[in-house]
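Let me begin by presenting the structure, written as structure tokens, before commenting on it.
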Number of protein chains: 2
Amino acid sequence: MYELVSLVNRQYGFEGIAMKLQRKPQEPGKTGKVTRPQDPEGTRRNILEVASKEFALNGLSGARIDEIAARTRSSKRMIYYYFGDKEGLYLHALENAYRLVRDGETKLDTDGLAPPEALRKLVEFTFDHHRRHEEFIRMVMIENIHHGQYLERSDIIREVNKTAIDHIARIYHRGVSDGTFRAGIDPVDLHWQVSALCFFNVSNRATFAKIFDRDLDSEAAQARLRNNTVATILRFVSLRPDMAS
Amino acid sequence: MYELVSLVNRQYGFEGIAMKLQRKPQEPGKTGKVTRPQDPEGTRRNILEVASKEFALNGLSGARIDEIAARTRSSKRMIYYYFGDKEGLYLHALENAYRLVRDGETKLDTDGLAPPEALRKLVEFTFDHHRRHEEFIRMVMIENIHHGQYLERSDIIREVNKTAIDHIARIYHRGVSDGTFRAGIDPVDLHWQVSALCFFNVSNRATFAKIFDRDLDSEAAQARLRNNTVATILRFVSLRPDMAS
DNA sequence: GACTAAACTAACTAGTTCGTACATTCTTGT
DNA sequence: ACAAGAATGTACGAACTAGTTAGTTTAGTC
């Protein structure tokens with residue numbers, strides 16, 4: 001009997017189980033009775049949350065499966081049950097980080113604003129958003145240390161940032177049309193600039209602050225860097241930058 | 001007798017030995033006879049070079065002492081003899097990375113140029129320099145993952161980037177004086193902007209390229225990003241940015 | 001209410017990894 | 001020439017770590 005169970009598990013693998021779980025979102029642990037000991041979705045989510053924190057904090061090789069298991073409401077066996085192996089868990093954590101951040105980004109609406117104001121709002125939003133999601137930034141850093149080899153395996157993630165480009169491209173083209181922005185800039189390059197400044201603010205805060213003996217975490221310092229970043233981007237795209245910021 | 005040696009080593013620690021080696025730079029292996037089997041400085045340098053590569057590639061927890069030892073002309077025993085433990089080796093590798101990059105940076109001279117041209121040259125140099133020293137960038141990324149806790153222990157590193165600030169500050173103040181740059185920008189903030197753009201270009205190349213399906217390594221793409229970066233910085237500081245780039 | 005697949009647990013294993021004890025060779029000052 | 005100490009090689013062990021084995025419990029279904 002146990003042989004059979006074992007066989008079935010091996011046959012479908014954890015992906016099969018995961019798909020089944022997604023197909024049937026019954027929300028057992030939350031809305032149902034609290035006394036219910038079995039809660040697959042809850043267990044899975046709990047593991048993923050704990051793992052995300054641990055990977056973001058310690059990296060792929062630095063994170064410990066035993067440590068993750070200990071912080072979980074569940075056990076180590078369950079990690080392997082749902083995610084196969086350490087790399088599988090990491091990949092899911094990475095995808096999860098991207099998904100969380102995308103979900104937040106879609107809330108921004110700039111269609112009613114004039115292009116410079118729209119771009120200002122987008123940059124400010126990106127700056128704040130990156131700052132709020134340090135865990136995501138750290139996952140991207142870690143993934144870059146691994147040369148993006150896990151991101152490469154994920155179909156989900158590529159999709160995520162396409163919307164970001166669409167958004168900034170729309171603003172930019174509106175600005176070119178009404179004569180406030182100069183033509184000839186690739187929207188991806190513009191996004192690159194915004195990303196670079198907003199990303200660096202979080203990713204390199206530790207070393208930058210320590211080398212130059214500055215408190216970059218203070219509200220005053222962050223407000224200044226934020227203003228600088230907006231000014232930088234607006235001046236980069238504007239036809240008459242001295243009027244822009 | 002061996003007890004005594006052991007005792008002495010423990011008493012002075014590896015720092016004592018390291019200092020002694022620095023105090024007496026006899027250059028044994030290179031200019032001297034090649035047949036000399038013992039070459040402490042060479043061994044030390046060789047270990048450090050190998051370790052730097054391994055740490056930059058795999059991170060602190062990802063790097064393996066046995067792997068480093070295997071790639072060395074020497075042995076694992078020597079790593080512990082000279083650097084104490086894994087963290088000691090990492091710290092020296094980190095310091096070494098900063099030192100190497102600083103040594104390269106001091107070669108830049110912009111004193112004869114007009115401020116906009118000087119700043120352009122500085123940005124271009126920084127862009128190229130970061131790109132050439134990917135190993136350094138990766139070490140800084142890794143150190144940021146560790147919240148800069150090792151950098152904190154190092155007195156040497158803080159010194160390094162002071163000269164970078166001095167340089168950009170001098171250019172900026174010359175520009176303000178002659179009326180080409182706007183006043184009120186903190187030179188550290190300006191350096192922050194330059195660093196962000198040049199750093200991001202190397203640090204996030206993997207994920208950015210994979211998400212947007214672009215070859216950012218090509219000479220054409222790099223030239224474009226380099227031009228954009230220069231334009232961005234010049235427009236940020238200039239009084240009349242539309243004239244600057 | 002018996003049956004079955006899914007969910008879950010505890011203990012274990014095979015292999016890795018940092019670090020060290022012990023032994024030997026080389027170099028230098030006297 | 002010869003101590004004394006610096007530099008190096010070998011082999012090993014204790015602790016850790018990813019992953020597994022073997023078994024139990026739960027909950028939906030017929």
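Numbered from 1 within each chain, the chains take letters A, B, ... in sequence-line order.
Salt bridge status for B:Glu219 with B:Arg131: present, with a side-chain N to carboxylate O gap under 4.0 Å. The pair B:Glu49-B:Lys53 fails the salt-bridge criterion, with no side-chain N (NZ, NE, NH1 or NH2) lying under 4.0 Å from an Asp/Glu carboxylate O.
B:Phe83 places its CZ atom 16 Å from the P atom of C:dT20, with the value rounded to the nearest Å. Distance B:Glu67 CD to C:dC18 P: 10 Å, rounded to the nearest Å. Atom CD1 in B:Ile79 sits about 12 Å away from atom C1' in C:dT17, given to the nearest Å. Rounded to an integer number of Å, the gap from A:Leu89 CG to D:dG19 P is 10 Å. The separation between B:Tyr80 atom OH and D:dC12 atom C1' is 14 Å, rounded to whole Å. At whole-Å resolution of the value, CD1 in B:Ile65 and P in D:dA14 are 20 Å apart. Protein atom OH of A:Tyr81 is 15 Å distant from nucleotide atom C1' of D:dA22, rounded to whole Å. Residue B:Glu41 contributes atom CD, which lies 14 Å from atom C1' of D:dA6 at whole-angstrom precision.
For B:Arg64, the listed nucleotide lying nearest its side chain is C:dC18; candidates were D:dG19, C:dC8, C:dC18.
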Give the table of side-chain donor-acceptor pairs shorter than 3.5 Å for residues 190-197 of chain B, with sequence neighbours excluded, one pair per line with atom names and distance.
residue, atom, partner, partner atom, Å
B:His191, NE2, B:Ser195, OG, 3.4
B:Gln193, OE1, A:Thr232, OG1, 2.8
B:Gln193, NE2, A:Thr232, OG1, 3.3
B:Ser195, OG, B:His191, O, 3.0

Are any protein N/O atoms closer than 3.5 Å to N/O atoms in nucleotides 9-14 of chain C? If there are, list each pair with its distance.
none

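Residue pairs meeting the salt bridge (charged side-chain N to carboxylate O under 4.0 Å, His left out) criterion with at least one partner in residues 135-145 of chain B, sequence neighbours excluded, are absent.
Residues satisfying the salt bridge (charged side-chain N to carboxylate O under 4.0 Å, His left out) test with A:Glu152, not counting sequence neighbours, are B:Lys210. Every ring pair (Phe, Tyr, Trp, His ring centres under 6.0 Å) that B:His133 has, sequence neighbours left out, goes to B:His129. Applying the salt bridge (charged side-chain N to carboxylate O under 4.0 Å, His left out) test to B:Arg132 and every residue at least two apart in sequence or in another chain returns nothing.
Considering only side-chain N and O atoms, A:Tyr82 lies under 4.0 angstrom from the phosphate OP1 or OP2 of C:dC8. At C:dC8, one or more side-chain N or O atoms of A:Thr43 fall inside 4.0 Å of OP1 or OP2 (strictly under the cut-off).
As judged by a 4.0 angstrom heavy-atom cut-off over every strand, A:Ala63 is placed among residues touching the sugar-phosphate backbone only.
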